Amino acid sequence: MSQHEKIKSLREQALDDIAKARSLAEIDAIETRYLGRKGEVTQLLRTIGSLPPEERRTFGQEVNQLKEELASAIQARRDELAIVEVSTKLRQEALDVTLPGRFFQIGRPHVLVETLTRIKEIFIGLGYEIVESPEVESYKYNFAALNYPEEHPALDEQMSFYITDDRLLRTQTTAFQHRVMEKRRPPIRVCTMGKCFRVDAVDATHSHTFHQVDCFTVDHGITMADLKGTLHQFAVEMFGREVQVRFRPDFFPFVEPGAEVAVTCTICEGKGCGVCKGTGWMELAGAGMIHPRILETVGIDPEEYTGFAFGFGVDRIPMIKYSIDDLRLFMENDLRFLRQL
Ligand SMILES: [Zn+2]
(Lines give C-alpha, C1' and ligand atoms only; values in the text may rest on other atoms or scores of the structure.)
Protein backbone atom coordinates (compact mmCIF):
# COMPACT_ATOMS: atom_id res chain seq x y z
CA MET A 1 0.00 0.00 0.00
CA SER A 2 1.40 3.38 -0.95
CA GLN A 3 1.67 6.12 1.62
CA HIS A 4 -1.14 7.92 -0.11
CA GLU A 5 -3.42 4.90 0.18
CA LYS A 6 -2.53 4.47 3.82
CA ILE A 7 -3.63 8.01 4.52
CA LYS A 8 -6.78 7.54 2.51
CA SER A 9 -7.81 4.39 4.35
CA LEU A 10 -7.04 5.93 7.74
CA ARG A 11 -9.16 8.94 6.77
CA GLU A 12 -12.12 6.76 5.79
CA GLN A 13 -11.87 4.71 8.95
CA ALA A 14 -11.63 7.80 11.17
CA LEU A 15 -14.52 9.67 9.52
CA ASP A 16 -16.66 6.56 9.81
CA ASP A 17 -15.86 6.24 13.52
CA ILE A 18 -16.62 9.91 14.11
CA ALA A 19 -19.97 9.63 12.37
CA LYS A 20 -20.87 6.59 14.49
CA ALA A 21 -19.94 8.16 17.85
CA ARG A 22 -23.00 8.24 20.11
CA SER A 23 -21.76 10.16 23.13
CA LEU A 24 -19.27 12.77 24.19
CA ALA A 25 -17.27 10.06 25.93
CA GLU A 26 -17.04 8.11 22.68
CA ILE A 27 -15.94 11.13 20.70
CA ASP A 28 -13.25 11.84 23.30
CA ALA A 29 -12.01 8.28 22.92
CA ILE A 30 -11.90 8.63 19.12
CA GLU A 31 -9.97 11.86 19.38
CA THR A 32 -7.39 10.12 21.56
CA ARG A 33 -7.26 7.10 19.29
CA TYR A 34 -6.43 9.14 16.13
CA LEU A 35 -5.00 12.44 17.22
CA GLY A 36 -3.61 11.68 20.68
CA ARG A 37 0.13 11.65 21.44
CA LYS A 38 0.18 7.93 20.58
CA GLY A 39 -2.72 8.22 18.14
CA GLU A 40 -2.75 6.64 14.69
CA VAL A 41 -2.29 9.87 12.75
CA THR A 42 0.56 10.89 15.02
CA GLN A 43 2.21 7.49 14.56
CA LEU A 44 1.85 7.79 10.81
CA LEU A 45 3.55 11.14 10.80
CA ARG A 46 6.48 9.62 12.67
CA THR A 47 7.18 7.25 9.79
CA ILE A 48 8.21 10.26 7.73
CA GLY A 49 11.91 9.60 8.47
CA SER A 50 11.79 6.24 6.73
CA LEU A 51 10.61 7.77 3.42
CA PRO A 52 12.82 8.86 0.54
CA PRO A 53 13.54 12.61 0.93
CA GLU A 54 11.56 13.57 -2.20
CA GLU A 55 8.35 12.07 -0.85
CA ARG A 56 8.58 13.58 2.62
CA ARG A 57 7.17 16.98 1.75
CA THR A 58 3.97 15.71 0.10
CA PHE A 59 3.53 13.07 2.77
CA GLY A 60 3.87 15.60 5.56
CA GLN A 61 1.36 17.92 3.91
CA GLU A 62 -1.18 15.16 3.43
CA VAL A 63 -0.90 13.89 6.99
CA ASN A 64 -1.25 17.40 8.40
CA GLN A 65 -4.25 18.01 6.22
CA LEU A 66 -5.77 14.78 7.49
CA LYS A 67 -5.06 15.88 11.04
CA GLU A 68 -6.87 19.17 10.53
CA GLU A 69 -9.79 17.55 8.75
CA LEU A 70 -10.26 14.99 11.54
CA ALA A 71 -9.93 17.64 14.23
CA SER A 72 -12.69 19.74 12.72
CA ALA A 73 -14.90 16.67 12.07
CA ILE A 74 -14.46 15.64 15.71
CA GLN A 75 -15.33 19.12 16.93
CA ALA A 76 -18.43 19.26 14.73
CA ARG A 77 -19.61 15.87 15.98
CA ARG A 78 -18.86 16.90 19.55
CA ASP A 79 -21.04 20.01 19.19
CA GLU A 80 -23.91 17.90 17.85
CA LEU A 81 -23.61 15.35 20.65
CA ALA A 82 -23.47 18.07 23.30
CA ILE A 83 -26.81 19.39 22.14
CA VAL A 84 -28.30 15.89 22.13
CA GLU A 85 -27.01 15.15 25.61
CA VAL A 86 -28.33 18.37 27.10
CA SER A 87 -31.77 17.86 25.61
CA THR A 88 -31.84 14.23 26.80
CA LYS A 89 -30.88 15.35 30.28
CA LEU A 90 -33.54 18.04 30.26
CA ARG A 91 -36.13 15.52 29.17
CA GLN A 92 -35.13 13.11 31.95
CA GLU A 93 -35.17 15.79 34.61
CA ALA A 94 -38.39 17.37 33.45
CA LEU A 95 -40.68 18.38 36.29
CA ASP A 96 -44.35 17.56 36.08
CA VAL A 97 -45.86 20.54 37.83
CA THR A 98 -49.31 18.97 37.68
CA LEU A 99 -48.29 16.09 40.01
CA PRO A 100 -49.78 16.42 43.51
CA GLY A 101 -47.16 17.53 46.07
CA ARG A 102 -45.73 15.30 48.77
CA PHE A 103 -47.03 15.97 52.26
CA PHE A 104 -44.35 16.78 54.80
CA GLN A 105 -44.98 16.16 58.48
CA ILE A 106 -43.95 19.29 60.32
CA GLY A 107 -42.85 18.81 63.92
CA ARG A 108 -44.09 21.01 66.76
CA PRO A 109 -43.63 21.25 70.52
CA HIS A 110 -45.54 18.88 72.76
CA VAL A 111 -48.55 20.53 74.40
CA LEU A 112 -46.87 20.38 77.84
CA VAL A 113 -43.72 22.04 76.48
CA GLU A 114 -45.89 24.74 74.94
CA THR A 115 -47.67 25.24 78.25
CA LEU A 116 -44.38 25.47 80.16
CA THR A 117 -43.08 28.00 77.64
CA ARG A 118 -46.20 30.13 78.03
CA ILE A 119 -45.96 29.97 81.84
CA LYS A 120 -42.32 31.02 81.64
CA GLU A 121 -43.19 33.98 79.43
CA ILE A 122 -45.90 35.14 81.81
CA PHE A 123 -43.72 34.99 84.92
CA ILE A 124 -40.74 36.56 83.20
CA GLY A 125 -43.16 39.32 82.23
CA LEU A 126 -44.06 39.69 85.91
CA GLY A 127 -40.39 40.15 86.84
CA TYR A 128 -39.52 36.61 87.88
CA GLU A 129 -36.28 34.81 87.16
CA ILE A 130 -36.61 31.18 86.06
CA VAL A 131 -34.06 28.90 87.77
CA GLU A 132 -33.16 25.25 87.26
CA SER A 133 -33.42 22.80 90.13
CA PRO A 134 -32.49 19.12 90.38
CA GLU A 135 -34.97 16.28 89.90
CA VAL A 136 -33.02 14.11 92.33
CA GLU A 137 -33.31 15.95 95.61
CA SER A 138 -32.12 15.42 99.18
CA TYR A 139 -34.54 14.72 101.98
CA LYS A 140 -33.52 18.05 103.47
CA TYR A 141 -34.67 20.23 100.57
CA ASN A 142 -37.67 18.17 99.59
CA PHE A 143 -39.15 17.90 103.09
CA ALA A 144 -37.19 18.99 106.17
CA ALA A 145 -36.46 22.54 105.10
CA LEU A 146 -40.09 23.00 104.10
CA ASN A 147 -41.27 22.58 107.66
CA TYR A 148 -42.86 19.17 107.17
CA PRO A 149 -43.63 17.55 110.53
CA GLU A 150 -42.00 14.12 110.99
CA GLU A 151 -45.29 12.29 110.80
CA HIS A 152 -46.54 14.00 107.61
CA PRO A 153 -47.97 11.41 105.20
CA ALA A 154 -45.96 12.81 102.26
CA LEU A 155 -42.78 11.61 103.97
CA ASP A 156 -43.94 8.05 103.85
CA GLU A 157 -41.75 5.90 101.64
CA GLN A 158 -44.91 4.68 100.03
CA MET A 159 -45.41 8.15 98.57
CA SER A 160 -41.91 8.90 97.30
CA PHE A 161 -39.31 7.25 95.09
CA TYR A 162 -36.23 7.00 97.33
CA ILE A 163 -32.86 6.40 95.68
CA THR A 164 -30.88 6.20 98.93
CA ASP A 165 -31.99 6.87 102.51
CA ASP A 166 -31.35 10.54 101.94
CA ARG A 167 -32.05 11.01 98.25
CA LEU A 168 -35.31 10.82 96.40
CA LEU A 169 -36.94 11.97 93.20
CA ARG A 170 -38.42 15.32 94.17
CA THR A 171 -42.10 15.08 95.02
CA GLN A 172 -42.62 18.81 94.46
CA THR A 173 -40.80 21.67 92.77
CA THR A 174 -41.16 23.56 96.09
CA ALA A 175 -37.93 21.73 96.98
CA PHE A 176 -36.01 24.50 95.18
CA GLN A 177 -37.18 27.17 97.63
CA HIS A 178 -34.65 26.50 100.36
CA ARG A 179 -31.81 26.02 97.87
CA VAL A 180 -32.43 29.50 96.49
CA MET A 181 -32.98 31.18 99.87
CA GLU A 182 -29.73 29.75 101.25
CA LYS A 183 -27.74 31.54 98.57
CA ARG A 184 -29.62 34.76 97.99
CA ARG A 185 -30.82 37.75 99.99
CA PRO A 186 -34.05 39.65 99.36
CA PRO A 187 -35.40 40.94 97.10
CA ILE A 188 -35.93 37.45 95.66
CA ARG A 189 -38.38 36.71 92.88
CA VAL A 190 -37.86 33.29 91.31
CA CYS A 191 -39.72 30.40 89.67
CA THR A 192 -38.73 26.89 88.82
CA MET A 193 -40.57 24.30 86.78
CA GLY A 194 -40.20 20.69 85.79
CA LYS A 195 -41.00 17.07 86.50
CA CYS A 196 -42.03 15.75 89.93
CA PHE A 197 -42.51 12.16 90.97
CA ARG A 198 -44.76 10.35 93.44
CA VAL A 199 -45.71 6.75 93.96
CA ASP A 200 -49.24 6.91 92.69
CA ALA A 201 -51.52 4.52 90.89
CA VAL A 202 -51.90 5.83 87.35
CA ASP A 203 -55.43 6.82 86.41
CA ALA A 204 -57.19 9.62 84.54
CA THR A 205 -56.15 12.27 87.07
CA HIS A 206 -53.04 10.76 88.73
CA SER A 207 -49.61 9.86 87.47
CA HIS A 208 -46.24 8.89 88.95
CA THR A 209 -44.68 11.71 86.88
CA PHE A 210 -46.19 15.15 86.59
CA HIS A 211 -45.08 18.73 86.03
CA GLN A 212 -45.13 21.58 88.48
CA VAL A 213 -44.30 25.25 88.63
CA ASP A 214 -43.22 26.88 91.87
CA CYS A 215 -42.61 30.56 92.43
CA PHE A 216 -41.82 32.66 95.45
CA THR A 217 -41.05 36.21 96.39
CA VAL A 218 -39.33 37.62 99.47
CA ASP A 219 -39.07 41.36 99.97
CA HIS A 220 -40.02 44.24 102.24
CA GLY A 221 -43.75 44.56 102.82
CA ILE A 222 -44.97 41.61 100.72
CA THR A 223 -48.57 40.82 101.64
CA MET A 224 -51.37 38.44 100.74
CA ALA A 225 -52.65 41.15 98.39
CA ASP A 226 -49.47 40.80 96.30
CA LEU A 227 -50.00 37.06 96.13
CA LYS A 228 -53.60 37.50 94.99
CA GLY A 229 -52.64 40.12 92.43
CA THR A 230 -49.87 37.94 91.00
CA LEU A 231 -52.02 34.84 90.65
CA HIS A 232 -54.90 36.85 89.23
CA GLN A 233 -52.62 38.37 86.62
CA PHE A 234 -51.28 34.92 85.76
CA ALA A 235 -54.80 33.48 85.42
CA VAL A 236 -55.90 36.34 83.16
CA GLU A 237 -52.89 35.89 80.87
CA MET A 238 -53.28 32.12 80.81
CA PHE A 239 -57.03 31.73 80.52
CA GLY A 240 -58.30 35.10 79.37
CA ARG A 241 -59.72 38.31 80.77
CA GLU A 242 -63.03 36.80 81.89
CA VAL A 243 -61.46 34.39 84.38
CA GLN A 244 -62.14 34.79 88.10
CA VAL A 245 -59.82 33.59 90.83
CA ARG A 246 -60.98 32.19 94.16
CA PHE A 247 -58.88 31.87 97.34
CA ARG A 248 -59.92 29.54 100.15
CA PRO A 249 -58.01 28.73 103.33
CA ASP A 250 -55.86 25.61 103.09
CA PHE A 251 -52.89 24.12 104.89
CA PHE A 252 -49.37 23.52 103.64
CA PRO A 253 -46.51 23.14 106.15
CA PHE A 254 -44.38 25.81 104.46
CA VAL A 255 -46.90 28.67 104.40
CA GLU A 256 -48.94 30.57 106.95
CA PRO A 257 -51.65 31.38 106.10
CA GLY A 258 -52.16 28.96 103.23
CA ALA A 259 -54.69 29.08 100.44
CA GLU A 260 -56.15 26.86 97.79
CA VAL A 261 -56.51 28.77 94.56
CA ALA A 262 -59.18 27.99 91.98
CA VAL A 263 -60.18 29.63 88.70
CA THR A 264 -63.58 29.70 87.05
CA CYS A 265 -64.11 26.72 84.80
CA THR A 266 -63.20 27.80 81.27
CA ILE A 267 -65.51 25.24 79.72
CA CYS A 268 -68.79 26.39 81.33
CA GLU A 269 -67.54 29.85 82.42
CA GLY A 270 -68.52 29.10 86.00
CA LYS A 271 -72.01 27.77 85.38
CA GLY A 272 -71.11 24.21 86.28
CA CYS A 273 -70.37 21.32 83.92
CA GLY A 274 -69.03 17.79 83.83
CA VAL A 275 -65.38 18.87 83.70
CA CYS A 276 -65.67 20.98 86.89
CA LYS A 277 -68.05 18.46 88.44
CA GLY A 278 -70.83 21.02 88.56
CA THR A 279 -68.95 23.45 90.83
CA GLY A 280 -67.99 26.03 88.20
CA TRP A 281 -64.42 26.09 89.62
CA MET A 282 -61.19 24.34 88.72
CA GLU A 283 -58.49 23.99 91.38
CA LEU A 284 -55.31 25.60 90.13
CA ALA A 285 -52.69 26.12 92.83
CA GLY A 286 -51.61 25.88 96.42
CA ALA A 287 -50.33 29.16 97.81
CA GLY A 288 -49.65 31.20 100.91
CA MET A 289 -47.35 33.50 102.84
CA ILE A 290 -43.96 31.87 103.43
CA HIS A 291 -43.82 30.50 106.98
CA PRO A 292 -41.69 32.82 109.19
CA ARG A 293 -39.81 29.78 110.52
CA ILE A 294 -38.58 29.00 106.99
CA LEU A 295 -37.23 32.52 106.58
CA GLU A 296 -35.52 32.26 109.96
CA THR A 297 -33.72 29.02 109.11
CA VAL A 298 -31.97 30.71 106.17
CA GLY A 299 -31.14 33.79 108.19
CA ILE A 300 -33.73 36.12 106.69
CA ASP A 301 -35.35 38.19 109.44
CA PRO A 302 -39.12 37.54 109.28
CA GLU A 303 -39.71 40.81 111.15
CA GLU A 304 -38.11 42.69 108.29
CA TYR A 305 -39.06 40.57 105.30
CA THR A 306 -42.13 38.66 104.23
CA GLY A 307 -42.81 36.55 101.20
CA PHE A 308 -45.36 34.51 99.36
CA ALA A 309 -45.08 31.20 97.54
CA PHE A 310 -47.30 29.24 95.24
CA GLY A 311 -47.10 26.13 93.18
CA PHE A 312 -49.33 24.46 90.68
CA GLY A 313 -49.60 21.49 88.39
CA VAL A 314 -48.73 22.24 84.77
CA ASP A 315 -50.65 19.26 83.41
CA ARG A 316 -53.89 20.70 84.76
CA ILE A 317 -53.64 23.78 82.58
CA PRO A 318 -54.06 22.19 79.14
CA MET A 319 -56.63 19.89 80.75
CA ILE A 320 -58.64 22.96 81.73
CA LYS A 321 -57.92 24.81 78.47
CA TYR A 322 -58.80 22.00 76.07
CA SER A 323 -61.21 20.08 78.36
CA ILE A 324 -59.09 16.95 78.34
CA ASP A 325 -60.35 14.48 80.91
CA ASP A 326 -57.45 12.02 80.97
CA LEU A 327 -53.95 12.99 82.13
CA ARG A 328 -52.44 9.82 80.67
CA LEU A 329 -52.90 11.12 77.13
CA PHE A 330 -50.06 13.63 77.65
CA MET A 331 -47.46 10.94 78.30
CA GLU A 332 -48.58 8.27 75.85
CA ASN A 333 -47.23 10.01 72.74
CA ASP A 334 -50.21 9.09 70.64
CA LEU A 335 -49.82 11.40 67.64
CA ARG A 336 -53.52 11.25 66.83
CA PHE A 337 -54.10 12.99 70.17
CA LEU A 338 -51.11 15.34 70.12
CA ARG A 339 -51.80 16.68 66.62
CA GLN A 340 -55.19 17.96 67.71
CA LEU A 341 -53.79 20.38 70.28
ZN1 LIG B 1 -67.32 23.75 84.17
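Indexing begins at 1, ligand by ligand and atom by atom, following the structure's order. Source: prediction; values computed, not measured.
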Distance only, no hydrogens: is a donor on one side chain within 3.5 Å (strictly under) of an acceptor on the other, for [X] and [Y]?
X	Y	result
Asp214	Thr174	yes
Glu237	Gln233	yes
Asp96	Thr98	yes
Asp79	Gln75	yes

| field | Metal site the Zn ion (ligand 1), protein N/O/S atoms found under 2.8 Å | value | 4

| message | Centroid separation under 6.0 Å, is that true for the rings of Phe176 and Phe216? | response |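 Yes, close enough.
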
| note | Residue pairs passing the salt bridge (charged side-chain N to carboxylate O under 4.0 Å, His left out) test with at least one member in residues 291-304, sequence neighbours excluded, are none

